[in-house]
Student: 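Sending over a structure as C-alpha cells; questions will come in a sec.
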Amino acid sequence: MKITDVLVIGAGLAGERCAIEAAAAGHSVLILSLVPPRRSHSCAAQGGMQAALGNCAKAEGDSPDVHFLDTVRGSDWGADQEVARIFADTAPLAVRELAHFGVPWTRLRPGINRYHIKGEQVDVDEPTDKAGLIMHRDFGGTAKWRACYAAAGTGHATLYAVDSQVVRLGIDVLDRMEAIALVHDGERCHGAVVRCLRTGRLETILARATVIATGGYGRIYGGYTSNAVINEGMGAVLALDTGIVPLGNMEAVQFHPTGLWPAGILVTEGCRGDGGYLLNAAGERFLVALEPEKQELASRDVVSRHMMNEILAGRGVDSPNGPHLWLDLRHLGEEHLTTRLREIYEICHDFLGIKPWEDLVPVRPTQHYSMGGVRVNKDGQAYGLAGLFAVGEAACWDMHGFNRLGGNSLAETIVAGRIVGARIADFVTRAGPGPDAALGSAELKAQEQRLRDLAQRPAGGRSLYQLRDEMGEIMMNRLGVFRTGEEIEAAVRDLKRLLQEAGSIGLRATAPGPNPELTYALRLPGMLRLALVTAEGALARRESRGAHHRIDYPQRNDAEWLNRTLARWLPGAEGPRLSYEPVGLLDLPPGHRGYGASGYVDLDVSLEAYNQRVAAAQSAEGCLETAEPVGSSLRPGAWRGAFSAPN
Ligand SMILES: Cc1cc2nc3c(=O)[nH]c(=O)nc-3n(C[C@H](O)[C@H](O)[C@H](O)COP(=O)(O)OP(=O)(O)OC[C@H]3O[C@@H](n4cnc5c(N)ncnc54)[C@H](O)[C@@H]3O)c2cc1C
C-alpha cells in the first residue's frame with residue numbers, strides 16, 4: 001500500500017500541470033499513466049492554444065473579454081460563464097509561463113507577411129515593435145487571431161516541456177499503471193486501487209487528494225474518432241462507479257470537420273485557419289454561401305453539420321469507404337505546408353502517400369472532443385465527494401458547454417491545471433487525518449474478487465472486440481452529428497443488450513500478467529455505461545444546442561433547456577439517473593452566436609431571476625463549496641466594450 005498527498009490519475013497536459021502546482025507547494029505527488037507520459041493524447045494536438053495576447057496585426061484589440069465572448073457563444077450558452085471568465089483571464093499568463101518552460105512558440109515576423117484569408121491572398125504588415133513575440137493563427141472561429149502555436153506540433157512541444165518540469169521537480173510517475181476503482185467512504189475520496197499493466201498486480205494508493213485527469217471518452221465511438229486508443233473514458237467510469245459523483249453533459253460530444261477519411265486521423269483546423277478550404281465533389285466552396293461571415297471557420301459543430309448535409313444531399317465524393325469531401329491546401333504551397341503545417345504534410349504523406357500542395361485531402365467529420373466529463377465546481381472538486389478532483393478533458397468544469405472552441409482545450413489543460421493544482425495544494429494543507437487504510441484494503445479485496453470472477457467465467461460466445469465494434473457503429477450512426485429520438489431509442493436498446501452480453505462473455509486468455517483481453521474486459525462494461533449515459537442524456541434533451549443536434553427538435557430552447565445534464569449510476573441500477581442544474585451565473589445573455597442557425601426559444605425569466613437560483617440549485621445537486629464565493633469571478637458587463645469590436 002502506497003501513501004501520497006496527491007494522486008494524479010493521468011499524465012497528459014492537465015494532470016502534469018496540476019501535479020506541478022501541488023508539488024511546487026511542497027506536497028508529495030504521484031502520477032499514474034497508462035502509457036509513458038509523453039505518449040499521452042495531448043501530444044497529438046496540432047493546431048494551437050488560445051490566449052488573448054493580442055500580438056499580431058489580426059489580433060489587434062484582442063483581450064480576455066473578447067475571448068470570453070467567443071467562448072460563451074461557441075458553447076451555445078451551455079458553458080458556466082464564471083469558469084469561462086476565469087479561463088480567459090488566466091490563459092495569457094499560462095501561455096507565457098509555457099514559454100519559460102521552453103515551448104518553442106512560433107514567433108511574430110515583422111513587416112509584410114502573406115496570409116490566405118477567406119480565400120484571398122492578403123499582405124499584412126506585422127508591427128515592428130512586436131517582433132519576436134508569440135505569433136497567432138486564425139483558429140476556432142474567434143473574433144481575433146488568438147491561437148498560439150508551435151508549427152503544427154503544439155501539443156507535442158507543450159507536453160514535452162511540461163513533462164520536463166515534472167522530471168525537474170522529481171515527481172514520481174508510474175506508467176503502465178491503471179486506476180480501476182476509487183477508494184471512498186461515501187463522502188470523502190481516499191485514493192484508488194490500481195492495476196499494473198505489466199504484472200497484473202493490484203495495489204492500493206492512498207491519498208489526501210485524488211485527481212482524475214484521464215482525458216476524453218472518444219473511443220466509445222470505436223474507430224470513428226480522432227482520439228488515441230487510450231481515450232476510453234476510464235476516469236469518467238471511476239467517478240460514475242461511485243454512484244455519488246455525477247457526470248456532466250455527456251451527450252455533448254464534438255465532431256471535428258476534418259478527420260482524414262477513412263483513417264480518422266485529425267487534420268488540424270489550423271489548415272483552415274491558415275487558408276485551406278473545403279470543397280464538394282463538384283469542386284465548389286459550399287461554405288461561402290452557407291456561412292458568409294465565418295465561412296470555413298464557423299464553429300466546429302456548425303461546419304460539421306453543413307458538411308454532413310452536403311454529403312447527404314449527394315454532393316460528396318464517392319469512395320470505396322463511403323462518401324467524403326475535400327480539404328484543399330494546394331494554394332498554401334510546399335514551403336508553408338512543410339514548415340507551419342509540417343505534421344499535416346507528414347500525416348498526408350505517410351498515411352495517404354500524397355503531397356497536400358499537389359493533391360486534395362479526403363476528409364469527413366469524426367468524433368473528436370468530449371465536452372462532458374466528471375462534474376466539478378470552480379475549484380475542480382467533484383460533486384459529492386470531497387478530496388476528489390478532475391481536470392482537463394476528463395472534467396466538466398465547464399467552459400465548453402455544448403461546443404468547445406478550437407484551441408480552447410489545450411489552453412484549458414494548462415489553465416485548469418494551474419488553478420485546480422493550487423486549490424488541491426490548499427485542500428491538502430487543510431486536510432484532517434490521513435486517508436483510511438482499512439477502506440483501502442477492503443476496496444483492494446473487492447477488486448481482486450472482480451478479477452477472479454472475470455477469469456472464472458466459462459469462455460465462449462462473441463469476443464469483446466466484436467462488442468466494441470458494435471458499440472462504435474451504434475454511437476456513430478445513431479449519436480453522431482445528427483440525432484433523432486427514434487434513432488436514440490434504438491441505440492439505448494442495443495447498448496443495454498451489449499452491456500448485458502459484456503457481463504457474461506468469458507475470456508480466452510485469463511493470465512493475470514500482460515493480458516490485453518483481460519484489461520479490455522475490465523474496461524468494456526464501463527465504456528458501455530458511458531455510451532448509455534451519453535445516449536440517455538441525448539434522448540432526454542429535447543432541443544438542439546451546440547454539437548447536440550436533434551432533427552426532431554431543431555431549435556435551441558433557452559426556456560426549458562438552459563441547463564446541464566447530470567448523470568449518476570446508482571449501484572445495481574440498469575441505467576443512469578438524470579437530473580439537471582442551471583448552467584451557472586449568466587452575464588452574457590443568451591442570443592445568436594453569429595454563425596449557424598439564427599432561431600432559438602428565448603429564456604422565459606430575467607437574468608436576475610435565473611442567477612438567483614444558481615447556487616442553491618447546484619449545491620442541491622452535490623456542488624461542494626468553492627474556495628471563493630460564487631460570483632466573485634464574474635466582472636458583470638465587462639464584455640460590453642468588447643462586444644462592439646468588429647467580429
Ligand atoms: C488529434 C487531436 C488534435 C488536437 N488538437 C488540438 C489543438 O490544436 N488545440 C486544442 O486546444 N486542443 C486540441 N485537441 C484536444 C486536446 O489535445 C485535448 O483535449 C487535451 O490534450 C487533453 O489533455 P488531458 O491532459 O485532459 O488528457 P490526455 O492528454 O488524453 O491524457 C490522459 C492521461 O490519462 C491517462 N489515463 C487514462 N486512463 C487512466 C487510468 N484509468 N489510469 C491511469 N491513467 C489513465 C493516460 O495514460 C494519459 O496519460 C486535439 C485533440 C486531438 C484528438
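Because the structure is a prediction, the values reported are computed rather than measured. One-based numbering, in listed order, for ligands and for the atoms of each.
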Student: Near H368, which atoms of ligand 1 are under 4.0 Å from a heavy atom of that residue?
Tutor: 2 (C), 3 (C), 4 (C), 50 (C), 51 (C), 52 (C), 53 (C)

Student: Hey, looking at atom 43 (C) of ligand 1, which of Q254, R17, M177, R195 has the closest heavy atom?
Tutor: M177

Student: Under 3.5 Å, is there a donor-acceptor pair linking the side chains of T519 and R195?
Tutor: yes

Student: With a 4.5 Å cut-off on side-chain heavy atoms, are Y160 and C43 touching?
Tutor: yes

Student: Return the residue, atom name and 0.1 Å-rounded distance of the protein heavy atom closest to atom 8 (O) of ligand 1.
Tutor: G47 N, 2.7 Å

Student: Between D301 and Q254, is there a side-chain donor-acceptor contact under 3.5 Å, judged purely by atom types and distance?
Tutor: no

Student: Report the C-alpha separation of H67 and N408 in whole Å, then their side-chain angles, then the decisive distance to 0.1 Å, and conclude whether the side-chain hydrogen bond (donor to acceptor under 3.5 Å, both in side chains) test is met.
Tutor: CA-CA 10 Å; H67 193 179; N408 260 359; 2.9 Å; yes

Student: Is it the case that S164 and R38 place a side-chain donor and acceptor less than 3.5 Å from each other?
Tutor: yes

Student: At less than 4.0 angstrom from any non-hydrogen atom of G12, what atoms of ligand 1 do you find?
Tutor: 25 (O), 29 (O), 31 (O), 33 (C), 49 (O)

Student: Identify the protein heavy atom lying closest to atom 25 (O) of ligand 1, giving its residue, its atom name and the separation to 0.1 Å.
Tutor: A14 N, 3.0 Å

Student: Taking 4.0 Å as the limit for heavy-atom contacts, which would you say applies to T413 with ligand 1: side chain only, backbone only, both, or neither?
Tutor: side chain

Student: So how far is it from E16 CD to D163 CG, rounded to the nearest 0.5 Å?
Tutor: 4.0 Å

Student: Work out whether the distance between some heavy atom of T154 and some atom of ligand 1 is less than 4.0 Å.
Tutor: no

Student: At a 4.0 Å threshold, what atoms of ligand 1 neighbour a non-hydrogen atom of G215?
Tutor: 26 (O), 27 (O), 30 (O), 32 (C)

Student: For atom 38 (N) of ligand 1, what's the nearest protein heavy-atom neighbour? Residue, atom name and distance, please.
Tutor: T214 CG2, 3.4 Å

Student: Answer yes if the side chains of Y369 and H400 hold a donor-acceptor pair under 3.5 Å, and no otherwise.
Tutor: yes

Student: Under a 4.0 angstrom heavy-atom cut-off, which atoms of ligand 1 come close to S226?
Tutor: 53 (C)

Student: Closer than 4.0 angstrom: is that true for some heavy atom of G235 and an atom of ligand 1?
Tutor: no

Student: May I ask you to test the V303-R272 pair for a side-chain heavy-atom distance under 4.5 Å?
Tutor: yes

Student: Between D62 and K144 (salt bridge meaning N to carboxylate O under 4.0 Å), is one present in this structure?
Tutor: no

Student: Just going by heavy-atom distances, which of A45, G10, G48 is nearest to atom 9 (N) of ligand 1?
Tutor: G48

Student: How far is atom 45 (C) of ligand 1 from its nearest protein heavy atom, and which residue and atom is that?
Tutor: L34 CG, 3.5 Å

Student: Using only heavy-atom distances, determine whether the side chains of D274 and H336 contain a donor-acceptor pair under 3.5 Å.
Tutor: yes

Student: Backbone or side chain, does any N or O of A11 fall under 3.5 Å from an N or O of ligand 1?
Tutor: yes

Student: Which residue and atom name correspond to the protein heavy atom nearest atom 26 (O) of ligand 1, and how close is it?
Tutor: E393 N, 3.0 Å

Student: Could you tell me, atom by atom, which parts of ligand 1 come under 4.0 Å of a heavy atom of Q46?
Tutor: 5 (N), 8 (O)

Student: What are the two closest non-hydrogen atoms of A22 and A425, and how far apart are they?
Tutor: CA-CB, 4.3 Å

Student: I'd like to check which ligand 1 atoms, numbered from 1 as shown, lie under 4.0 Å from a non-hydrogen atom of Y369.
Tutor: 19 (O)

Student: Does ligand 1 have an atom under 4.0 Å from some heavy atom of T268?
Tutor: no

Student: If you define the side chain from C-beta out and look only at heavy atoms, does anything of L327 sit under 4.5 Å from C271?
Tutor: yes

Student: Please determine whether any non-hydrogen atom of G155 lies less than 4.0 Å from an atom of ligand 1.
Tutor: no

Student: If you have a sec, work out which protein heavy atom is nearest atom 49 (O) of ligand 1 and how many Å separate them, to one decimal?
Tutor: S40 OG, 2.6 Å

Student: Could you give the distance from CZ (R198) to CZ (R176), rounded to the nearest 0.5 Å?
Tutor: 5.0 Å

Student: Could you list which atoms of ligand 1 come closer than 4.0 Å to a heavy atom of G407?
Tutor: 9 (N), 10 (C), 11 (O)

Student: Where the closest heavy atom to atom 15 (C) of ligand 1 is concerned, which of A179, S409, S42 has it?
Tutor: S409

Student: Taking heavy atoms and a distance under 4.0 Å, where does L266 meet ligand 1: side chain, backbone, both or neither?
Tutor: side chain

Student: Going by the closest heavy atom to atom 33 (C) of ligand 1, which one wins out of G233, S33, A213?
Tutor: A213

Student: Select one of side chain, backbone, both or neither to describe which atoms of L159 lie under 4.0 Å from any atom of ligand 1, heavy atoms only.
Tutor: neither

Student: Nearest heavy atom to atom 14 (N) of ligand 1: which of H41, R523, R404, E412 does it belong to?
Tutor: R404

Student: N/O to N/O below 3.5 Å, does that happen between L13 and ligand 1?
Tutor: yes

Student: Using a cut-off of 6.0 Å, state whether more than 12 heavy atoms not belonging to R450 lie near its atom CZ.
Tutor: yes

Student: Between T225 (side chain) and Y221 (backbone), is there a donor-acceptor pair under 3.5 Å?
Tutor: no

Student: Which of the atoms of ligand 1 are close to L410, meaning less than 4.0 Å from one of its heavy atoms?
Tutor: 9 (N), 10 (C), 11 (O), 12 (N), 17 (O), 21 (O)

Student: Using non-hydrogen atoms of the residue, decide whether F139 is closer than 4.0 angstrom to ligand 1.
Tutor: yes

Student: Can you tell me if S226 and H368 form a side-chain donor-acceptor pair at under 3.5 Å?
Tutor: yes

Student: Is L202 close to V194 at the side-chain level, that is, under 4.5 Å between some pair of heavy atoms?
Tutor: no

